[in-house]
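In what follows, a single structure is set out as structure tokens and then discussed.
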Number of protein chains: 2
Amino acid sequence: MPDAALTISDLIQQRLDDLTRAERQLAHSILENYPASGLGPLTALAKDANVSVPTVARMVQKLGFKGYPEFQAELREELKAKVKNPIAKHDTWTGGAPSGHILNRFTDAVIDNIRHTLGQIEPATFDDACAMIAETDRHLYIVGGRLTHTLAEYLFLHMQVIRSQITHIQSTSNAWPHYLLDVKEGDVFVIFDVRRYENNTLKLAEMAHAKGARIILFTDQWRSPVHQLAQISFSSRIVVPSAWDSVATTLLLVETMISSVQNLNWSDTKSRMEELEEMFDQTKLFRKFT
Amino acid sequence: MPDAALTISDLIQQRLDDLTRAERQLAHSILENYPASGLGPLTALAKDANVSVPTVARMVQKLGFKGYPEFQAELREELKAKVKNPIAKHDTWTGGAPSGHILNRFTDAVIDNIRHTLGQIEPATFDDACAMIAETDRHLYIVGGRLTHTLAEYLFLHMQVIRSQITHIQSTSNAWPHYLLDVKEGDVFVIFDVRRYENNTLKLAEMAHAKGARIILFTDQWRSPVHQLAQISFSSRIVVPSAWDSVATTLLLVETMISSVQNLNWSDTKSRMEELEEMFDQTKLFRKFT
DNA sequence: ATAATTTTGAAAAATTAATATCAGCAAGAT
DNA sequence: ATCTTGCTGATATTAATTTTTCAAAATTAT
């Protein structure tokens with residue numbers, strides 16, 4: 001039986017490198033709902049993790065237990081100790097750290113931001129925005145600023161797979177006026193503008209608006225002046241214990257939107273994805289396994 | 001199988017009067033350290049409570065279960081649900097939407113990812129990584145891939161304010177080998193590599209490692225092969241209801257790290273920020289109000 | 001006080017689960 | 001390209017756990 005001071009969860013993570021592919025797959029499955037899944041029968045665990053029964057038996061022995069029953073006994077001991085111990089109330093995010101550690105404080109703040117932000121979003125409005133972005137017969141412009149161009153780029157990269165006719169404009173570059181030449185009435189702009197609102201971005205929005213484009217704005221709780229021109233605005237809370245703001249909540253919205261738009265355009269997206277996969281295969285840019 | 005809304009603990013207490021002497025004795029033993037004792041073999045439980053084996057079998061049937069295994073399965077389900085729900089009783093994040101709306105499902109998944117990820121991070125390791133990044137006498141290289149270069153860029157933009165001697169390398173560009181010429185022993189690499197691990201990134205990491213550089217890796221739960229070369233790795237859970245993965249959790253770590261490094265280098269950072277402010281003022285890039 | 005009824009536990013039977021064996025397969029080495 | 005090594009899972013074997021049976025003990029009713 002392995003060291004008592006270490007939890008099985010720790011032990012598994014620590015020895016993750018010594019494990020084989022199937023064993024690692026199993027390990028992740030155990031950690032997925034820890035410790036419940038490890039307390040069931042070996043057979044069920046194997047099925048759950050999509051590995052064979054012997055793989056489970058081998059792994060627990062590799063971890064230092066005499067057999068699966070001993071492994072389970074240890075898990076139960078751990079559980080017993082945890083319930084007895086009032087500190088295990090799981091009010092902190094990362095187990096070992098004091099609640100005052102920056103990891104816990106920052107995460108608290110972000111979760112709080114998410115709660116506030118989501119609470120103020122009308123699902124119908126969100127769906128409308130997704131539908132607008134999914135209109136493949138209009139050109140889609142994605143605009144970011146000094147920091148937010150990273151979000152814009154992230155959205156752009158995914159939209160590239162989902163649809164054609166997209167342009168990523170960096171408002172910080174001075175080349176952007178050229179892009180506006182071709183804007184048609186009804187085209188869609190997704191604009192990111194958060195605190196330290198940028199003059200360039202506002203100008204760009206004004207010109208786009210004047211040309212009859214529709215604007216979807218991602219901003220913060222104090223709202224960029226662009227919001228007066230925008231058809232739809234999403235305001236994320238961005239306050240965290242830091243000298244800077246957090247765009248984590250905004251990213252959450254962007255990712256959700258990607259997922260939603262992808263579903264709206266699924267037939268298109270699917271074939272585009274397959275084509276992309278094939279090109280990746282040919283260029284050998286990515287590794288297929290491990 | 002009995003009512004799902006009731007925990008087994010509740011069920012036992014509620015039906016305590018219908019039980020016989022030996023059964024009551026057993027019931028109290030189960031509640032004594034709940035739920036751990038109920039998750040072991042029937043034989044052990046019987047011995048623990050000083051009752052006979054058939055007594056246990058009879059009682060669980062009396063409580064409405066088909067047999068002891070079903071009783072245990074229910075206990076495990078209960079445990080799973082309990083662990084899963086450490087924070088939010090929030091059944092929905094955005095009020096108006098049904099819990100099946102993508103906004104709610106996606107947010108649930110991200111929160112769950114955060115919980116899993118943070119639960120596996122050693123605060124000391126995190127602090128070590130921050131300290132490494134804060135070493136201003138070493139050169140800092142930040143490396144991102146096809147999608148993750150957006151995160152790399154985000155980190156880079158903030159680090160620019162905090163310290164000098166930073167380079168953002170895009171592993172997708174073929175110019176990266178040039179950057180490696182100047183790498184010195186002890187230099188620090190922050191590398192982002194998530195699913196669809198990139199061959200270029202691995203090559204780059206190998207060369208950096210060979211030159212004696214130290215590597216901090218941000219990857220996903222399955223871990224990029226780069227992790228074998230890395231001094232410190234952070235694995236984020238990235239699964240969401242989407243055809244793509246989520247980097248929201250990784251961004252959370254990056255932002256936390258920025259905040260932490262900023263504090264370590266505060267005197268430096270402060271003067272650099274002031275200088276930056278002044279330059280912004282002169283260029284009129286940003287609006288001071290509204 | 002005695003019979004009827006219920007409860008209890010020992011032991012056997014049935015079921016289920018865990019381990020060991022082995023052959024096929026895949027990844028890396030020569 | 002071929003070999004070697006080590007991983008993986010199907011199957012068989014062994015071990016364990018659970019359920020059933022039945023007789024003894026305790027409890028309750030008459």
At under 4.0 Å between heavy atoms, how does the protein contact nucleotides 10-20 of chain D? Give one character per nucleotide, 5' to 3', with B, S or -.
B-------BBB

Salt bridge (Lys or Arg N to Asp or Glu O under 4.0 Å) between A:Asp17 and B:Arg223, intermediate numbers included
CA-CA 10 Å; A:Asp17 285 323; B:Arg223 299 194 301 181; 3.1 Å; yes

Test A:Arg58 against A:Glu23 for salt bridge (Lys or Arg N to Asp or Glu O under 4.0 Å), laying out the working first.
CA-CA 9 Å; A:Arg58 275 190 294 258; A:Glu23 286 170 349; 5.0 Å; no

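With 3.5 Å as the limit, one finds a donor-acceptor pair spanning the side chains of A:Tyr34 and A:Glu78. No donor-acceptor contact under 3.5 angstrom links the side chains of B:Thr219 and B:His227, judged on distance only. B:Asp193 and B:Ser224 share a side-chain donor-acceptor pair at under 3.5 Å. Side-chain atoms of B:His116 and B:Gln221 include no donor-acceptor pair closer than 3.5 Å.
Atoms CE (A:Met59) and P (D:dC7) sit 14 Å apart, rounded to a whole Å. Straight-line distance from the CD atom of B:Glu70 to the P atom of C:dT16: 13 Å, rounded to whole Å. Look at CG on B:Asn50: it is 13 Å from C1' on C:dG9, rounded to the nearest Å. When rounded to the nearest whole Å, the span between CD of B:Glu23 and P of D:dA26 equals 18 Å. With rounding to whole Å, A:Asp18 atom CG is found 11 Å from D:dC7 atom P. Nucleotide C:dA17 holds its P atom 11 Å from the NZ atom of A:Lys47, rounded to whole Å. Atom P of nucleotide C:dT16 and atom CG of A:Leu45 are separated by 19 Å, given to the nearest angstrom. C:dT7 atom C1' lies 13 Å from atom CG of B:Leu19, rounded to whole Å.
None of B:Thr249, B:Thr117, B:Asp112 except one satisfies the side chain to side chain donor-acceptor pair (under 3.5 Å) rule with B:Arg237; the exception is B:Asp112.
Contact annotation: A:Thr20 side-chain N/O to D:dG6 OP1/OP2 distance is not under 4.0 Å.
The distance between the ring centers of A:His158 and A:Phe156 does not fall below 6.0 angstrom.
Judged as a side chain to side chain contact (heavy atoms under 4.5 Å, CB included), and not counting sequence neighbours, the contacts of A:Val161 are A:Met273, A:Leu276, B:Trp244.
Within the helix from C:dA1-D:dT30 to C:dT30-D:dA1, the inter-axis angle between the opening and closing five-pair segments is 30°, rounded to 10°.
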